[in-house]
Amino acid sequence: MMKDKAQYAEKRTASGLNTLASETMPLLRKLLGQKGMMAADVLIFWAQIAGEELAAFTFPEKISFRGKERQKGVLQVAAANGAVALELQHRERFVLEKVNAFFGYGAVSELRIRQSGGACFRRSRQINQPQVKKILVSGEEQNYIEQLTGGVNDGDLKDSLIRLGKSVLSQNRK
């Protein structure tokens, strides 16, 4: 015990204060053990591992290993809803690569996704959404666009072309 305190006393900063991590990490390592510490590391750095978009709506719960192995584990992740779970499933390979790069070896080989609508997710981080600008065109421009798209029979295509025409005319005004 004295050896641990002496070891961390050397890591004091110039102002004589210890970092919070140097004080809490030894205690956490003893409480959680090696397997739990890996999960804690993933939890702490989840936004960097999964990316801000996924981290806002997902939460790494635990890493499970077979026996005493510390390779080819299973990372269990809670997702806010089905849409997020599907997106996470599509990005599974990417997330596994990032987790393994974080640890420096093949620590995790599988991702288990659990939908958890009641879980508390970090909604304080807002995903940057582009601002939608209102497109205004004159009546004459509207008639011109409708005349150009008059021969299009597909309703969805016609609507898309009209929106595109309005957007182009609005952009040219700037």
Side-chain angles (χ1 to χ4, degrees), residues 1 4 7-8 11 13 17-135 154-164 166-167 170-171:
M1 188 71 168
D4 286 339
Q7 177 184 355
Y8 291 103
K11 293 185 180 181
T13 63
L17 299 174
N18 287 344
T19 63
L20 181 61
S22 69
E23 296 294 324
T24 57
M25 291 307 266
L27 179 61
L28 284 173
R29 287 190 198 283
K30 288 179 184 175
L31 289 173
L32 297 174
Q34 185 63 27
K35 180 169 64 173
M37 202 61 227
M38 289 181 76
D41 288 343
V42 170
L43 176 63
I44 292 167
F45 297 102
W46 183 243
Q48 289 85 8
I49 292 170
E52 292 290 326
E53 289 178 347
L54 281 178
F57 300 102
T58 59
F59 185 80
E61 294 181 320
K62 67 179 179 178
I63 299 177
S64 303
F65 296 98
R66 297 186 198 281
K68 294 188 179 196
E69 291 182 27
R70 294 294 172 255
Q71 294 183 353
K72 298 181 181 179
V74 177
L75 174 61
Q76 183 170 326
V77 179
N81 56 46
V84 174
L86 185 61
E87 181 65 26
L88 184 59
Q89 184 179 6
H90 285 295
R91 295 188 193 182
E92 179 176 2
R93 184 179 301 153
F94 168 77
V95 171
L96 291 175
E97 286 175 5
K98 294 282 281 190
V99 169
N100 290 330
F102 176 78
F103 287 117
Y105 70 99
V108 178
S109 64
E110 184 182 341
L111 196 64
R112 275 207 193 118
I113 303 164
R114 184 178 69 81
Q115 291 183 38
S116 176
C120 179
F121 294 96
R122 290 172 255 158
R123 296 196 188 275
S124 60
R125 284 186 284 177
Q126 294 293 321
I127 298 169
N128 293 333
Q129 299 271 337
Q131 294 292 327
V132 178
K133 296 178 183 176
K134 204 167 197 172
I135 299 172
D154 185 347
D156 291 336
L157 177 60
K158 186 174 183 173
D159 290 342
S160 294
L161 289 172
I162 290 172
R163 282 195 310 274
L164 176 63
K166 288 179 179 180
S167 177
S170 294
Q171 292 294 326

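Counting begins at 1 with the first residue of the sequence.
Atom CG in Leu111 sits 12.0 Å away from atom CZ in Phe94 (nearest 0.5 Å). Between the CH2 atom of Trp46 and the NZ atom of Lys98 there is a distance of 11.0 Å, given to the nearest 0.5 Å. Atom CG of Leu96 is separated from atom CD of Glu110 by 8.5 Å, given to the nearest 0.5 angstrom. The CD atom of Glu87 sits 10.5 Å away from the OG1 atom of Thr58 when rounded to the nearest 0.5 Å. The CZ atom of Arg112 sits 14.0 Å away from the CG atom of Leu88 when rounded to the nearest 0.5 Å. For the atom pair CG (Asn100) and NZ (Lys72), the distance works out to 11.5 Å, reported to the nearest 0.5 Å.
Asp156 is linked by a side-chain contact (heavy atoms from CB on, under 4.5 Å) to Asp154, counting only residues two or more places apart in sequence or in another chain. Considering only residues two or more places apart in sequence or on other chains, Gln89 meets the side-chain contact (heavy atoms from CB on, under 4.5 Å) condition with Leu86, Ile113. Judged as a side-chain contact (heavy atoms from CB on, under 4.5 Å), and not counting sequence neighbours, the contacts of Phe45 are Gln48, Ile49, Phe102. Listed by chain and residue number, nothing satisfies the salt bridge (Lys or Arg N to Asp or Glu O under 4.0 Å) test with Glu97 (two or more places apart in sequence, or in another chain). Here Gln115 pairs with Ala85 under the side-chain contact (heavy atoms from CB on, under 4.5 Å) rule; sequence neighbours left out.
Among residues at least two apart or in separate chains, salt bridge (charged side-chain N to carboxylate O under 4.0 Å, His left out) pairs with a member in residues 55-68 are Glu61-Arg114.
Between the side chain of Ser167 and the backbone N or O of Arg163 there is no donor-acceptor pair closer than 3.5 Å.
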Residues Phe65, Val74; criterion side chain to side chain contact (heavy atoms under 4.5 Å, CB included); working and verdict: CA-CA 7 Å; Phe65 296 98; Val74 177; over 6 Å; no
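The two residues Ala47 and Ala55 make their nearest non-hydrogen contact at CA-CB, 3.6 Å.
Under 4.0 Å is where a charged nitrogen must lie from a carboxylate oxygen, and between Glu53 and Arg91 at least one such pair does.
A 4.5 Å side-chain heavy-atom check between Leu75 and Val77 finds at least one atom pair inside the cut-off.
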